[in-house]
Student: 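One structure is given below, represented as structure tokens, and several questions about it will come after.
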Amino acid sequence: MEYLNLNLTSTIAGLAVVLLVMFARLHWPFRYQYISHLFKSRTEQRLRWLDVSYRKNRARSVAMLDKSTYEILIGNYELAEKYIVQGLNVCKERPSLFNQAMIHYLFYNLAIVYYSSGRYSEALEVAFRVYQRDQGMTDSLAVIACAHARLGEVESAQEAFKLISGKRSARDWRLFCLAEIEAAKGNYEHALAHLRQLMGKSSHLLHLNRAELEKRLEEWQKASTQAS
């Protein structure tokens with residue numbers, strides 16, 4: 001019976017096992033998403049793993065999150081919005097702690113859908129709510145800055161940008177926001193320089209479709225020509 005006696009070592013070991021199991025159960029549904037991050041520079045592989053997540057996780061909220069990300073990356077914004085709504089419905093019907101944590105990720109994807117679709121006011125509203133809920137999501141703050149810039153609200157865009165300028169996790173968004181702000185100020189050459197730097201190095205890290213970056217490039221090149 002002495003083996004059943006609690007001591008400091010057995011208590012710590014027991015707690016470690018419990019925490020390890022909890023950590024594994026929490027992160028296991030994200031396994032395919034984590035694998036997809038290993039292929040950030042290889043879009044086809046990244047999309048493949050996001051699709052695998054959808055098929056393997058089935059009706060779980062994380063499946064809808066990854067499927068909406070998949071659709072965003074290939075530019076199917078209406079379909080992406082459909083999966084986001086499905087994911088939010090799952091979270092509403094099954095209000096577990098896991099699903100409650102998933103809500104702001106789904107809303108972040110919704111902000112991206114609105115932003116990419118040119119619905120900047122709606123993107124701003126949703127991204128602001130996400131940032132209020134979790135100020136650690138600097139990507140949502142970047143959407144706020146970029147949406148303000150697209151709406152011509154340069155001062156508000158710059159204020160939001162100040163909050164993300166020092167955060168390493170948003171370095172790619174930082175370049176994109178700089179480009180949007182410079183374009184909003186009419187400095188198209190500077191905007192193009194930031195955008196080309198982003199597209200030449202790490203645009204695959206952005207939660208945006210490549211076509212959106214090319215669209216900006218064409219828009220600002222035309223505006224720059226007209227301005228000169």
Side-chain angles (χ1 to χ4, degrees), residues 17-117 119 123 126-127 130 133-134 136-140 142-143 168-173 176 198-215:
V17 170
V18 170
L19 290 173
L20 180 62
V21 171
M22 289 176 62
F23 181 84
R25 289 191 64 183
L26 177 63
H27 288 271
W28 183 246
F30 294 101
R31 62 195 182 280
Y32 300 111
Q33 187 179 128
Y34 294 152
I35 294 172
S36 76
H37 285 311
L38 300 176
F39 299 96
K40 287 180 177 179
S41 60
R42 297 167 62 184
T43 303
E44 290 184 4
Q45 289 293 326
R46 185 181 182 190
L47 291 173
R48 175 178 175 272
W49 284 109
L50 288 171
D51 187 57
V52 169
S53 174
Y54 174 67
R55 288 186 282 108
K56 296 294 185 179
N57 284 305
R58 299 182 181 178
R60 301 188 67 173
S61 56
V62 69
M64 305 306 168
L65 175 70
D66 288 347
K67 186 60 173 176
S68 66
T69 300
Y70 176 99
E71 300 300 338
I72 287 170
L73 290 173
I74 63 175
N76 289 338
Y77 303 123
E78 289 186 10
L79 199 52
E81 187 171 355
K82 170 189 169 183
Y83 286 112
I84 291 167
V85 171
Q86 288 182 9
L88 291 172
N89 286 336
V90 170
C91 293
K92 182 179 180 180
E93 293 168 2
R94 308 170 199 164
S96 63
L97 289 176
F98 178 84
N99 282 339
Q100 290 302 305
M102 288 293 296
I103 289 175
H104 61 293
Y105 291 105
L106 287 162
F107 271 115
Y108 170 72
N109 271 16
L110 185 61
I112 292 292
V113 166
Y114 287 158
Y115 179 80
S116 300
S117 303
R119 299 155 67 180
V126 174
V130 172
R133 183 184 176 98
D134 183 0
M137 286 196 69
T138 52
D139 287 357
S140 63
V143 175
R168 185 179 179 182
S169 61
R171 63 187 183 278
D172 302 293
W173 270 113
F176 188 69
L198 177 64
M199 294 177 73
K201 291 185 177 181
S202 56
S203 59
H204 54 271
L205 296 179
L206 277 177
H207 208 134
L208 291 174
N209 180 276
R210 174 83 180 188
E212 292 302 314
L213 303 181
E214 293 173 350
K215 187 189 299 181

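Computation of the quantities below employed the complete heavy-atom set of this structure, encompassing side-chain atoms and omitting hydrogens, waters and symmetry-equivalent molecules. Positions are given from 1, in the same order as the sequence printed here.
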Student: Any idea which heavy atoms bring Arg133 and Gln100 closest together, and the distance?
Tutor: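 Closest approach of Arg133 to Gln100: NH2-O, 2.7 Å.
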Student: Is there a side-chain contact between Val90 and Arg60 in this structure, where contact means two heavy atoms from C-beta onward sitting under 4.5 Å apart?
Tutor: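 Side chain of Val90 against side chain of Arg60, heavy atoms only: no contact under 4.5 Å found.
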Student: Nearest 0.5 Å, what's the CD1-CG distance between Ile84 and Leu110?
Tutor: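 Output value for this atom pair is 5.0 Å.
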Student: Under the side-chain hydrogen bond (donor to acceptor under 3.5 Å, both in side chains) test, which residues partner Asn76, sequence neighbours left out?
Tutor: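 Checked Asn76 against side-chain hydrogen bond (donor to acceptor under 3.5 Å, both in side chains); matches are Glu71.
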Student: So, taking the atom named OG in Ser53 and the one named CG in Leu65, what distance separates them when rounded to the nearest 0.5 Å?
Tutor: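 Separation between the atoms: 8.0 Å.
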Student: Find the distance between CG (Leu88) and CZ (Phe107) and round it off to the nearest 0.5 Å.
Tutor: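 Separation between the atoms: 4.5 Å.
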Student: Just jot down the side-chain hydrogen bond (donor to acceptor under 3.5 Å, both in side chains) partners of Tyr115, sequence neighbours excluded, or say none.
Tutor: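 Testing Tyr115 for side-chain hydrogen bond (donor to acceptor under 3.5 Å, both in side chains), a comparison that skips the adjacent residues, returns Glu180, Arg216.
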Student: Please walk me through it: do Thr69 and Tyr83 pass side-chain contact (heavy atoms from CB on, under 4.5 Å)?
Tutor: CA-CA 9 Å; Thr69 300; Tyr83 286 112; over 6 Å; no
Student: Name all residues meeting the salt bridge (charged side-chain N to carboxylate O under 4.0 Å, His left out) criterion together with Asp51; count only those two or more places apart in sequence or in a different chain, and write none if there are none.
Tutor: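 So Asp51 forms a salt bridge (charged side-chain N to carboxylate O under 4.0 Å, His left out) with Arg55, Lys67.
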Student: Heavy-atom count around Tyr70 OH within 6.0 Å, excluding the residue itself: above 12?
Tutor: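 Enclosed.
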Student: So do the side chains of Asp139 and Val143 get within less than 4.5 Å of each other, counting heavy atoms only?
Tutor: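 When only atoms from C-beta onward are counted, Val143 and Asp139 do not touch, as no gap falls below 4.5 Å.
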Student: For residues 87-107, pull every pair meeting salt bridge (Lys or Arg N to Asp or Glu O under 4.0 Å), keeping only residues two or more places apart or in separate chains.
Tutor: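 Non-adjacent pairs meeting salt bridge (Lys or Arg N to Asp or Glu O under 4.0 Å): zero.
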Student: First locate atom SG of Cys91, then atom CG of Asn89, and finally report the distance between them rounded to the nearest 0.5 Å.
Tutor: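 Reported value, rounded in 0.5 Å steps: 9.0 Å.
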Student: Within the 4.5 Å heavy-atom criterion, are Thr138 and Trp173 side-chain neighbours or not?
Tutor: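 No, too far: nothing below the 4.5 Å cut-off.
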Student: With sequence neighbours left out, write down each residue that passes side-chain hydrogen bond (donor to acceptor under 3.5 Å, both in side chains) with Ser140, or none if nothing qualifies.
Tutor: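 Ser140: no side-chain hydrogen bond (donor to acceptor under 3.5 Å, both in side chains) contacts found.
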Student: By side-chain hydrogen bond (donor to acceptor under 3.5 Å, both in side chains), which residues pair with Tyr77, not counting sequence neighbours?
Tutor: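 Applying side-chain hydrogen bond (donor to acceptor under 3.5 Å, both in side chains) to Tyr77 gives Glu212.
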Student: Between Met64 and Ala59, what is the shortest heavy-atom contact and its length?
Tutor: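 Closest heavy-atom pair between Met64 and Ala59: CE-CA, 4.1 Å.
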Student: To the nearest 0.5 angstrom, please state how far the CD1 atom of Ile72 sits from the CG atom of Asn109.
Tutor: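 Answer for the CD1-CG pair, Ile72 versus Asn109, is 4.0 Å.
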Student: Kindly state each residue pair satisfying salt bridge (Lys or Arg N to Asp or Glu O under 4.0 Å) with at least one member in residues 75-88, sequence neighbours excluded.
Tutor: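 Only Glu81-Arg119 qualify under salt bridge (Lys or Arg N to Asp or Glu O under 4.0 Å).
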